[in-house]
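Keep in mind the model is a prediction, meaning the values are calculated, not measured.
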Amino acid sequence: MALDARLAAAAQLVRPGLPVADIGCDHGKLTAALALSGLYPRVIGSDLRAGPLEKARRTLAAAHCQDRAELRLGDGLSVLRPGEVGTVVIAGVSAQTAWQMLEAVPWVFDPAGPRLVLIPATRHDELRRWLAAHGFRLVCDRPVAAAGRWYAVMAAEYDGQKRALTLAEALYGKTGDWPEAAGYQAKQREKLAKLRRGVPDGSPAAREMDALLRAEQGG
């Protein structure tokens, strides 16, 4: 099963040997790839709507792995029982939608809870801030280019230590660990410069943005 670069990166972050859930599985390609790998005792794909779930069912059938994956209809992580999976993948939704899914199920806020593999469609910085503020640490934060866009493929685990991130930490995360960092961080700076135009001069947020933009420009 061929995956685009962002989903392939997500698959590499799933804990092997434990069940995995692909929440919001849409077309089911990642669900199928995980099932075909043979690395997981159970693969669960879910979606809020019946239409995408039917597409996923067809994808599994075409890949001849429908007997190795289970599809569930439901809202977010409500389709799972506490302790049922070792990794939860949430890809392609906004940062806010992702954290609202997590806030709805207390069992993710546990050191024994699942690893979260997240690919926010928007506002990577806000998701990093939310994770840090709620006791999750990033174990991976990989910049990935796919279909002309930059994505951040994150893996987070709960350790209960709540942190406040600087603007730079929220904007870039741990992407500097990767060879693709320059392209991703340039796009993040471009977004920051656009966002700055809507922030009142002299406000704390404006001063923090201006200081980071000046530092990035060498003074």
Side-chain angles (χ1 to χ4, degrees), residues 6-25 30 34 39-40 42-46 48 74-144 150-178 180-181 184-185 188 191-192 205 208 212:
R6 67 191 179 96
L7 293 182
Q12 293 172 6
L13 295 175
V14 175
R15 288 171 167 168
L18 297 171
V20 53
D22 178 15
I23 302 297
C25 65
L30 178 59
L34 295 172
L39 296 174
Y40 315 102
R42 182 185 308 150
V43 177
I44 300 165
S46 77
L48 177 62
D75 187 5
L77 278 67
S78 68
V79 300
L80 301 174
R81 298 185 301 276
E84 188 173 14
V85 298
T87 301
V88 170
V89 181
I90 303 175
V93 299
S94 71
Q96 183 175 0
T97 297
W99 75 58
Q100 287 174 340
M101 288 184 186
L102 299 172
E103 289 173 343
V105 286
W107 49 263
V108 301
F109 300 92
D110 187 322
R115 169 177 285 186
L116 307 177
V117 176
L118 308 168
I119 312 177
T122 59
R123 301 310 295 267
H124 311 170
D125 57 328
E126 290 187 5
L127 184 55
R128 292 187 183 105
R129 284 192 191 275
W130 184 92
L131 289 167
H134 288 78
F136 292 89
R137 66 182 181 91
L138 284 174
V139 296
C140 184
D141 193 357
R142 181 175 178 178
V144 174
W150 279 103
Y151 296 90
V153 182
M154 307 175 190
E157 297 175 358
Y158 185 82
D159 65 9
Q161 297 183 30
K162 298 180 180 180
R163 310 163 180 86
L165 301 185
T166 66
L167 178 59
E169 289 170 335
L171 198 65
Y172 304 136
K174 294 185 174 181
T175 59
D177 297 340
W178 297 88
E180 303 88 349
Y184 173 82
Q185 294 186 6
Q188 287 294 89
K191 291 179 180 179
L192 179 65
E208 188 178 22
L212 180 56

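Using modelled atom types, no side-chain atom of Arg6 and backbone atom of Val153 make a donor-acceptor pair closer than 3.5 Å. With hydrogens and angles ignored, the 3.5 Å screen pairs no side-chain donor or acceptor of Gln188 with any backbone N or O of Tyr172. A distance-only check finds a donor-acceptor pair linking the side chain of Arg163 to the backbone of Gln161 [under 3.5 Å].
Atoms CE and NZ, on Met154 and Lys174 in that order, are 12.0 Å from each other to the nearest 0.5 Å. Interatomic distance, CZ of Arg15 versus CG of Leu39, reported as 15.0 Å (0.5 Å rounding). Atom CD of Gln185 and atom CH2 of Trp150 lie 10.0 Å apart (nearest 0.5 Å).
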Problem set entry | Verdict with supporting geometry, Trp130 and Glu103, side-chain contact (heavy atoms from CB on, under 4.5 Å) | CA-CA 11 Å; Trp130 184 92; Glu103 289 173 343; 3.0 Å; yes

Exercise. Are Val88 and Met101 close enough, and set up right, to give a side-chain contact (heavy atoms from CB on, under 4.5 Å), and what steps lead you there?
Worked result: CA-CA 11 Å; Val88 170; Met101 288 184 186; over 6 Å; no

For this session: Apply the test side-chain contact (heavy atoms from CB on, under 4.5 Å) to residues Leu212 and Thr166: give CA-CA distance (whole Å), side-chain angles for both, the deciding distance (0.1 Å), then the verdict.
Result: CA-CA 10 Å; Leu212 180 56; Thr166 66; over 6 Å; no

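Shown here for Ala11 and Leu30, the closest heavy-atom pair between the two residues is CB-CD1, 4.0 Å. Taking each heavy atom of His134 and Lys162 in turn, the nearest pair found is C-CG, 4.2 Å. In plain terms, the two heavy atoms of Leu167 and Glu208 that are nearest each other are N-OE2, 3.1 Å. Between Ala181 and Thr175, the shortest heavy-atom distance links the atoms CB-O, 3.2 Å. Listed here is the closest heavy atom pair of Phe136 and Ala156: CB-CB, 4.2 Å. Taking each heavy atom of Arg128 and Leu171 in turn, the nearest pair found is NH1-O, 3.1 Å.
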Run the side-chain donor-acceptor check on residues 104-125: report pairs under 3.5 Å with partners two or more places apart or on a different chain.
unit_1: Asp110; atom_1: OD1; unit_2: Ala112; atom_2: N; d: 2.7
unit_1: Arg115; atom_1: NE; unit_2: Glu157; atom_2: OE2; d: 2.9
unit_1: Arg115; atom_1: NH1; unit_2: Leu13; atom_2: O; d: 2.9
unit_1: Arg115; atom_1: NH2; unit_2: Glu157; atom_2: OE2; d: 2.8
unit_1: Arg123; atom_1: NE; unit_2: Asp125; atom_2: OD1; d: 3.4
unit_1: Arg123; atom_1: NH1; unit_2: Glu126; atom_2: OE2; d: 3.4
unit_1: Arg123; atom_1: NH2; unit_2: Glu126; atom_2: OE2; d: 3.2
unit_1: His124; atom_1: ND1; unit_2: Tyr184; atom_2: OH; d: 2.8

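Between Leu77 and Leu102, the closest side-chain pair of non-hydrogen atoms falls below 4.5 Å. The shortest side-chain heavy-atom distance between Val89 and Leu7 does not fall under the 4.5 Å cut-off.
For the side chain to side chain donor-acceptor pair (under 3.5 Å) condition, the pairs that include at least one residue of residues 79-94, sequence neighbours left out, are Arg42-Glu84, Arg72-Glu84, Arg81-Glu84, Ser94-Thr97.
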